[in-house]
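Let me begin by presenting the structure, written as structure tokens, before commenting on it.
The basis for the numbers below is simple: all heavy atoms, side chains too, and nothing from hydrogens, waters or symmetry mates. Along the sequence shown, residues carry numbers from 1.
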Amino acid sequence: MLFEQISKDIASAMKARDKVRLEALRNIKKYFLEAKTAPGANDELTDESALKIIAKMAKQGKDAAKIFAEQNRQDLADGELAQVAVYEEYLPKQMSQSELEEALKAIIAQVGATSAKDMGKVMGVATKALAGKADGRAISAAVKALLA
């Protein structure tokens with residue numbers, strides 16, 4: 001289970017004195033604990049939910065790094081990106097643009113979409129099918145291009 005893996009990796013990072021990795025892993029564990037103790041969670045955290053949390057953290061880190069870079073604070077941006085690299089180790093491999101387009105062509109055919117009006121139908125299926133494998137913005141942009 002991902003929760004136990006993060007705990008083991010925290011111990012390894014402590015032994016290795018890897019401050020960046022340790023901070024990133026502790027952040028992950030903090031969000032995992034919050035999710036486990038949330039009302040209705042019954043002190044459980046599925047790997048699927050855990051991956052969603054890590055993906056959200058990676059996205060937030062990238063967004064923060066972009067803002068820091070725009071404000072000429074490359075030191076802070078580099079720190080965020082270092083943590084994002086740790087988060088991404090736990091996420092499934094992201095699809096390449098060509099793999100994404102192939103998967104979306106199959107989904108478009110499956111749903112029977114023919115125009116941009118059908119984008120909602122395609123996005124509903126695509127976001128579930130490609131969860132964790134592709135960024136939502138990338139999926140949306142590719143669907144628009146394919147349906148145009």
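Within the model, atoms CD of Gln83 and CG of Leu81 stand 10.0 Å from one another, a figure rounded to the nearest 0.5 Å. Once rounded to the nearest 0.5 Å, the distance linking CG of Asp118 with OG of Ser115 reads 4.5 Å. Between atom CD of residue Gln60 and atom CG of residue Asp63 there is a gap of 8.0 Å, rounded to the nearest 0.5 Å. The distance from the CG atom of Leu22 to the NZ atom of Lys29 is 11.0 Å, given to the nearest 0.5 Å. Rounded to the nearest 0.5 angstrom, Asn42 CG and Thr37 OG1 are separated by 12.0 Å.
Within 6.0 Å of atom CZ in Phe3, more than 12 heavy atoms from other residues, nucleotides or ligands are found, so the atom counts as buried in its surroundings. For Glu48, the CD atom sits in a loose shell: 12 or fewer heavy atoms of surrounding residues, nucleotides or ligands are nearer than 6.0 Å. Counted within 6.0 Å of NZ on Lys36, heavy atoms from surrounding residues, nucleotides or ligands total more than 12; the atom is thus considered enclosed.
Taking a 4.5 Å side-chain heavy-atom cut-off between Ile, Leu, Val, Met, Phe, Trp and Tyr, the cluster of Met119 extends to Met95, Leu100, Leu104, Ile107, Ile108, Val111, Val122, Met123, Val125, Leu130, Ile139, Val143, Leu146, Leu147. Side-chain heavy-atom separations under 4.5 angstrom define the hydrophobic clusters, and the remaining members of the one that includes Leu76 are Phe68.
The backbone N or O of Ala13 lies less than 3.5 Å from no partner atom in the side chain of Asp18, so there is not a single donor-acceptor pair.
Gln94 and Glu99 make their closest contact through O-OE1, 4.4 Å (heavy atoms, listed as atom of the first residue, atom of the second, distance). Here the shortest heavy-atom pairing between Leu2 and Asp47 reads N-OD1, 2.9 Å. The shortest heavy-atom contact between Ile53 and Tyr31 is CG2-CB, 3.6 Å. When every heavy atom of Val84 is checked against every heavy atom of Ala58, the shortest pair comes out as CG2-O, 3.6 Å. Closest approach of Ala77 and Ala65 over heavy atoms only: CB-O, 3.4 Å. For the residue pair Ala55 and Leu91, the shortest heavy atom distance occurs at N-CD2, 3.6 Å.
No side-chain donor-acceptor contact under 3.5 Å links Glu23 and Asn27.
When the side chains of ILVMFWY residues are joined at heavy-atom separations under 4.5 Å, either directly or via intervening members, Tyr87 and Val20 end up in two distinct hydrophobic clusters.
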>> With side chain to side chain contact (heavy atoms under 4.5 Å, CB included) as the criterion, how do Tyr90 and Leu25 come out once you've worked through the C-alpha distance, each side chain's angles and the decisive distance to 0.1 Å?
In response: CA-CA 10 Å; Tyr90 296 92; Leu25 293 171; 3.3 Å; yes
> After noting the C-alpha distance and the side-chain angles of Arg73 and Glu80, does the key distance pass the salt bridge (Lys or Arg N to Asp or Glu O under 4.0 Å) rule?
Replying inline: CA-CA 11 Å; Arg73 288 301 310 264; Glu80 286 291 334; over 6 Å; no
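Ser49 pairs by the side-chain contact (heavy atoms from CB on, under 4.5 Å) definition with Leu45, Thr46, not counting sequence neighbours.
Side-chain atoms of Met14 and Arg26, non-hydrogen and from C-beta on, do get closer than 4.5 Å to each other. Contact check for Lys56 versus Lys52: no side-chain heavy atoms found under the 4.5 Å cut-off.
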